[in-house]
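Everything below concerns the one structure shown next.
Every heavy atom of this structure was used, including side-chain atoms; hydrogens, water molecules and symmetry mates were not.
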Amino acid sequence: MEVLSGQPSVVGKGAVEFRVRPYATIFLDGNRLGETPLTPIEAPAGLYTVKVVNAELGKTVTRSIQVSAGQTTLVAVNLFKE
C-alpha cells in the first residue's frame with residue numbers, strides 16, 4: 001500500500017453474508033466464525049477463502065470470495081447438493 005503525506009492508505013470494508021443449508025461451521029481464512037445461522041460479518045475489501053464444514057454430513061466446501069468495499073458478498077451453499 002502506498003503512503004501519502006504520512007497518512008496510511010485506507011482499505012474500504014464490505015460485508016459477507018452466509019446462507020447455508022442445512023447448517024455448517026464457517027471458517028474465513030482459517031478463522032472459525034461459528035455455526036450458521038450467522039449475522040453478516042464485516043471484512044476489509046480483498047480476497048478470502050471460505051470453508052463450510054458439516055461433520056454430520058461429512059461435507060466440506062471451500063470457496064474463494066472477493067469482498068468489495070461498500071458491498072455485501074453472499075456465500076450460498078446447499079450441502080445437500082454438494
*Ala69 versus Ala45, closest heavy-atom pair with distance*: N-CB, 3.8 Å
*Identify, with sequence neighbours excluded, every residue that meets side-chain hydrogen bond (donor to acceptor under 3.5 Å, both in side chains) alongside Gln71.*
none
*asked:* Just so I know, are the side chains of Pro22 and Phe80 near enough to count as touching, which here means a heavy-atom distance under 4.5 Å?
replied: yes
*Just by modelled atom types, is the Ala76 backbone N or O under 3.5 Å from a matching donor or acceptor in the Arg63 side chain?*
yes
Would you tabulate the side-chain donor-acceptor contacts of residues 49-61 under 3.5 Å, counting partners in other chains and residues two or more places apart, or write 'none'?
{"unit_1": "Asn54", "atom_1": "OD1", "unit_2": "Glu56", "atom_2": "N", "d": "3.1"}
{"unit_1": "Asn54", "atom_1": "OD1", "unit_2": "Leu57", "atom_2": "N", "d": "2.8"}
{"unit_1": "Asn54", "atom_1": "ND2", "unit_2": "Tyr23", "atom_2": "O", "d": "2.8"}
{"unit_1": "Glu56", "atom_1": "OE1", "unit_2": "Tyr23", "atom_2": "OH", "d": "3.1"}
{"unit_1": "Lys59", "atom_1": "NZ", "unit_2": "Leu79", "atom_2": "O", "d": "3.0"}
{"unit_1": "Lys59", "atom_1": "NZ", "unit_2": "Glu82", "atom_2": "O", "d": "2.5"}

*Report the C-alpha separation of Thr36 and Arg21 in whole Å, then their side-chain angles, then the decisive distance to 0.1 Å, and conclude whether the side chain to side chain contact (heavy atoms under 4.5 Å, CB included) test is met.*
CA-CA 9 Å; Thr36 57; Arg21 290 185 184 254; over 6 Å; no
_All side chain to side chain contact (heavy atoms under 4.5 Å, CB included) counterparts of Leu33, not counting sequence neighbours_ = Phe18, Ile26, Leu28, Leu38, Ile41
*Determine, step by step, whether Ile65 and Val16 satisfy the side chain to side chain contact (heavy atoms under 4.5 Å, CB included) criterion, reporting the C-alpha distance in whole Å, the side-chain angles of both residues, the deciding distance to 0.1 Å, and the verdict.*
CA-CA 9 Å; Ile65 63 167; Val16 184; 4.0 Å; yes
_CG on Asn78 to CZ on Arg19, rounded to 0.5 Å_ = 13.0 Å
*Would a distance-only check, ignoring hydrogens and angles, find a side-chain to backbone donor-acceptor pair under 3.5 Å from Thr73 to Gln66?*
yes
